[in-house]
Amino acid sequence: MRVLKFGGSSLADADRFLRAADIIANNAQQEEVAVVLSAPGKTTNKLVAIIECAMRNGEVELQIKELEESFRDLFQAIKATLPTIDGTDFHNRVQTTMLQLRQFVHGISLLGMCPDHVNARIISKGERVSIELMKAALEAKALPAHLIDPVKYLVAKGPHLEAMVDVDSSTQNFRNEPLPQGHVAIMPGFTAGNEKGELVTLGRNGSDYSAAVLAACLRADCCEIWTDVDGVYNCDPRLVEDARLLKSLSYQEAMELSYFGASVLHPKTIAPIAQFQIPCLIKNSFNPQGAGTLIGQDTGEDKLAIKGITTLSELTMVNVSGPGMKGMVGMASRVFGSMSAAGVSIVLITQSSSEYSISFCIEAADKLKAQRALGDSFELELKDGLLEPVEFIDDVAIVTLVGDRMRTSRGVASRFFSALAEVNVNIVAIAQGSSERAISAVIPEDKISEAIKACHVNLFDSKHFLDVFVVGIGGVGGELVDQIQRQQHKLSEKGIVIRVCGLANSKGLLLDSEGLPLDHWRDRMSGATEEFSLARLIALVQRNHIINPVLVDCTASDLIANQYADFLAAGFHVVTPNKKANTSSMAYYHQLREVARSSRRKLMYETTVGAGLPVIENLQNLISAGDELERFTGILSGSLSFIFGKLDEGMTLSQATEIAKSNGFTEPDPRDDLSGMDVARKLLILAREAGMALELEDVVVDQALPPGFDDSGSVDEFMARLPQADAYFSQLIDEAKQEGKVLRYVGEIIDGKCRVSIACVDENDPMFKIKDGENALAFYSRYYNPIPLVLRGYGAGTEVTAAGVFSDVMRTLGWKLGV
């Protein structure tokens with residue numbers, strides 16, 4: 001015997017209803033089958049709405065007619081595909097149902113209330129319609145069918161709207177009056193009968209429970225729950241794009257998942273089938289060939305220590321604390337006894353080791369009942385100060401990890417809490433059962449999405465998403481976007497997905513939380529007119545619960561640099577070749593690092609000094625290892641490296657500058673390079689990384705122009721005047737040659753002081769052979785002396801710099817990827 005259950009989504013229209021009938025027919029050809037059906041589509045919701053409207057003395061006739069019409073339309077659509085179907089019993093059932101519904105509604109309107117026993121009879125009518133229609137459909141397929149009345153067979157106890165079935169008594173009823181052989185047995189879900197023979201319901205979504213109970217009573221070989229998803233996922237696939245379909249679950253794992261909110265399963269479903277070791281298969285009626293998820297004796301084929309991440313929301317945390325708690329026998333009993341008496345269900349419990357407080361979670365709807373019950377039970381203790389005022393924390397949720405093998409896997413809790421900390425989720429409370437099968441954290445409800453995504457990324461072999469916002473899409477920024485586009489396929493093979501969610505320049509802004517299409521992105525940007533703003537980016541990230549946003553600032557803007565702290569505080573990593581932030585005041589320099597630490601975000605600025613050279617990283621590693629910088633000298637400008645190298649070859653300053661400008665080596669205004677301020681900023685960054693508390697004005701700068709040279713006017717005017725500087729440099733070059741030296745524009749740190757100037761260096765100096773746009777940096781330290789640590793390579797060019805920025809973007813994932 002096999003029990004099949006079909007939910008409302010599997011019966012919502014004619015195509016789905018007939019697909020369910022085909023599945024039943026295919027199974028019936030192989031073995032005995034019993035079927036449990038929900039109401040079609042949203043029928044139960046419509047019936048609940050009719051009751052609520054009737055209690056308000058509203059007009060419900062139109063709603064009843066619409067419901068009646070939906071049943072008739074469903075039948076007609078099925079008949080169009082299955083013309084031999086006999087609708088006599090179905091139409092009689094619909095007519096009787098609508099007549100009874102109108103009678104009930106009339107009484108509700110007069111009373112202004114709906115007694116629970118009437119409510120149960122109304123909201124269960126959709127299931128009765130379902131079974132009549134399925135019986136007709138199966139008989140049209142030449143399959144005899146028999147209807148089971150659950151009020152007659154299933155013995156239930158408890159309230160009319162939340163009853164529990166007595167499996168032993170119900171089993172005896174089936175033995176006393178067996179089902180006919182050779183027939184498909186069809187039972188409406190969601191209902192049973194109490195000791196008075198009255199219809200009771202088993203709680204909303206109770207058809208799963210009905211199927212499990214029927215399987216237990218019949219000692220079925222298997223219970224199949226047919227729904228609209230492929231099975232049980234390790235987390236909500238609506239929140240996590242690459243949520244994993246689980247092949248199997250143990251009964252215990254399924255119980256934990258269902259209790260803590262997994263929507264595929266009803267919390268009461270597992271107990272009846274677990275009691276009799278009946279396997280339960282979760283299948284998709286839209287994909288009957290899919291394997292589904294098997295609940296039973298877990299075979300371990302998923303090879304996962306953690307099977308699922310699930311959430312329970314709309315909760316309130318209650319804290320009962322005070323000096324009177326410690327050592328007072330029976331306090332916990334009184335707390336939970338008062339909750340039980342008030343009918344308040346407790347979801348999670350945790351207690352401090354000092355016995356000073358007891359905390360527990362309840363459904364938010366029960367908050368007022370809990371307040372009254374605790375106030376009454378502890379009136380004297382509260383009055384005498386033995387207990388502090390009971391604290392209620394609203395709008396919380398529970399995130400739970402579930403897995404049988406968690407107890408033998410080290411570091412699960414650590415990774416769980418680290419994942420939550422990564423996305424700045426505050427943990428209100430923690431609870432873990434002695435079985436170590438589940439560990440739960442109470443968190444703010446508005447952080448559920450971020451928590452689930454972060455946990456999935458860190459606890460499963462999941463895709464790593466980087467959502468990048470590029471501000472400044474000229475040379476370096478534009479090349480970066482092109483490099484990302486070229487690398488997307490290769491990175492996806494490694495499980496890394498980079499989505500460019502934002503592009504901005506001084507003229508416009510493009511945003512898309514799913515990632516902008518990068519084909520012809522420049523054409524799209526030409527039509528963008530929305531102004532860039534921090535608020536717009538933060539709103540997009542928060543609205544779409546993006547957990548790894550990365551701001552890439554490829555501008556030279558002070559305005560953007562001055563907002564880095566705000567971006568970091570808002571949860572963005574910040575990657576930049578812009579030197580303005582790190583050469584602003586020391587107060588802002590320290591603020592950025594403090595905000596980055598507190599928000600667990602990364603500030604990456606490797607390209608501010610050496611373009612693609614790993615300058616900052618190597619210096620930081622030296623300092624972290626206990627080394628100390630004693631002296632530094634370096635060529636830090638690719639454009640000035642090119643210009644001064646050409647001077648060696650006999651070119652004049654004006655000629656070399658003109659060539660560098662035309663080749664794009666300098667800034668559009670070469671004075672930005674020749675002034676030496678760019679080198680000064682780089683030198684200051686290095687000094688600060690080495691621990692020196694210096695401001696930009698502390699750097700002595702000798703520009704790469706003759707003393708007193710007039711550098712005013714437009715770029716064209718300046719370039720026309722530049723040959724006047726050639727004689728000065730010719731003289732310097734001649735003097736250097738006489739000594740066997742060459743001119744280089746260098747930055748130096750000596751005795752804690754920074755200077756940028758033109759220097760004469762001989763062949764023994766590391767800077768002697770540096771030309772053609774190369775950078776070279778010589779670090780003299782306690783460990784590297786008298787021979788310095790030298791880094792050398794191209795320090796200019798959009799491709800090299802963009803590649804360095806790209807590397808920094810990837811390093812924001814470094815600790816997760818183990819690199």
Side-chain angles (χ1 to χ4, degrees), residues 113 116 157-159 161-162 164 203 255-256 259-261 267 310-401 413-414 416-417 420-421 424-448 451 598:
M113 60 173 290
D116 285 352
K157 300 177 181 178
L161 300 178
E162 287 287 346
M164 294 287 289
M255 284 182 181
E256 295 282 3
Y259 179 77
F260 283 108
T310 187
T311 60
L312 206 56
S313 57
E314 298 182 5
L315 304 176
T316 292
M317 186 84 179
V318 185
N319 293 324
V320 181
S321 62
M325 296 284 291
K326 184 173 179 61
M328 187 175 291
V329 177
M331 286 296 289
S333 174
R334 289 176 61 191
V335 169
F336 300 128
S338 68
M339 293 296 96
S340 176
V344 176
S345 176
I346 295 175
V347 180
L348 173 147
I349 301 169
T350 183
Q351 183 175 13
S352 67
S353 58
S354 66
E355 302 181 30
Y356 184 81
S357 67
I358 295 176
S359 301
F360 55 94
C361 283
I362 61 174
E363 294 183 7
D366 290 333
K367 176 182 175 181
L368 291 178
K369 288 195 292 185
Q371 284 178 317
R372 286 194 294 267
L374 291 171
D376 293 342
S377 296
F378 295 97
E379 182 178 2
L380 294 178
E381 287 87 350
L382 290 166
K383 182 178 179 181
D384 294 339
L386 294 174
L387 289 183
E388 297 172 359
V390 179
E391 180 186 17
F392 291 84
I393 304 173
D394 297 321
D395 302 319
V396 297
I398 297 173
V399 177
T400 302
L401 303 186
S414 172
F416 179 33
F417 300 133
L420 296 178
N424 292 318
V425 174
N426 180 46
I427 298 175
V428 181
I430 299 167
Q432 183 173 22
S434 59
S435 70
E436 300 182 42
R437 184 174 289 115
I439 182 168
S440 300
V442 182
I443 65 170
E445 188 167 9
D446 61 0
K447 286 288 189 176
I448 286 178
S598 63

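Quick caveat, the model's predicted, so the values are computed rather than measured.
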- Message: Suppose we screen for side chain to side chain contact (heavy atoms under 4.5 Å, CB included). Which residues come up paired with Glu379, at least two apart in sequence or across chains?
- Response: none

- Message: List the residues meeting side chain to side chain contact (heavy atoms under 4.5 Å, CB included) with Asp446, not counting sequence neighbours, and say none if there are none.
- Response: Pro444

- Message: So which atom in Glu445 and which in Glu314 form the shortest heavy-atom distance, rounded to 0.1 Å?
- Response: OE2-N, 3.0 Å

- Name all residues meeting the salt bridge (charged side-chain N to carboxylate O under 4.0 Å, His left out) criterion together with Lys447; count only those two or more places apart in sequence or in a different chain, and write none if there are none. none

- Message: To the closest 0.5 Å, what do you measure between SG (Cys361) and CG (Asp366)?
- Response: 12.5 Å

- Min side-chain heavy-atom separation Leu387-Met331 under 4.5 Å: yes

- Query: Does a side-chain heavy-atom distance below 4.5 Å link Glu381 with Arg334?
  - Reply: yes

- Which atom of Leu382 lies closest to which atom of Pro389, heavy atoms considered: CD2-CA, 4.2 Å

- Message: Taking the side chain as everything from C-beta on, heavy atoms only, tell me whether Val390 gets closer than 4.5 Å to Phe378.
- Response: no

- For atom CD of Glu363, decide whether the heavy atoms of other residues, nucleotides or ligands shown that lie under 6.0 angstrom number more than 12. no

- Task: Not counting sequence neighbours, which residues clear side chain to side chain contact (heavy atoms under 4.5 Å, CB included) with Ala421? List them please.
- Result: Arg600

- Message: Please report the interatomic distance CG(Leu420) to CD1(Ile427), rounded to the nearest 0.5 Å.
- Response: 5.0 Å

- Message: I'd like to check the side chain to side chain contact (heavy atoms under 4.5 Å, CB included) partners of Ala373; sequence neighbours left out, ordered by chain and number.
- Response: Ser338, Met339, Ala342

- Message: Rounded to the nearest 0.5 Å, what separates atom CD in Gln432 from atom CD1 in Ile439?
- Response: 4.5 Å

- Note on the structure: One should read off an interatomic distance between Thr350 OG1 and Phe360 CZ, to the nearest 0.5 angstrom, of 12.0 Å

- Measure the shortest side-chain to side-chain distance between Asp116 and Pro159 over non-hydrogen atoms and say whether it is less than 4.5 angstrom. no

- Item | Minimum heavy-atom distance between Phe416 and Ser440, given as atom pair plus value | CE2-C, 4.4 Å

- Which atom pair, heavy atoms only, marks the closest approach of Ala370 to Val344? N-CG2, 4.2 Å

- Message: Quick check for you: to the nearest 0.5 Å, what is the distance between Gln371 atom CD and Phe392 atom CZ?
- Response: 4.5 Å

Anything under 3.5 Å between a donor and an acceptor, one on a side chain of residues 315-322, the other on a protein residue two or more places apart or in another chain? List them.
residue, atom, partner, partner atom, Å
Thr316, OG1, Asp394, OD1, 3.3
Asn319, OD1, Ser359, OG, 2.5
Asn319, ND2, Glu391, OE1, 2.9
Ser321, OG, Glu388, OE1, 3.2

- Could you give the distance from OG (Ser598) to CG (Asn424), rounded to the nearest 0.5 Å? 8.0 Å

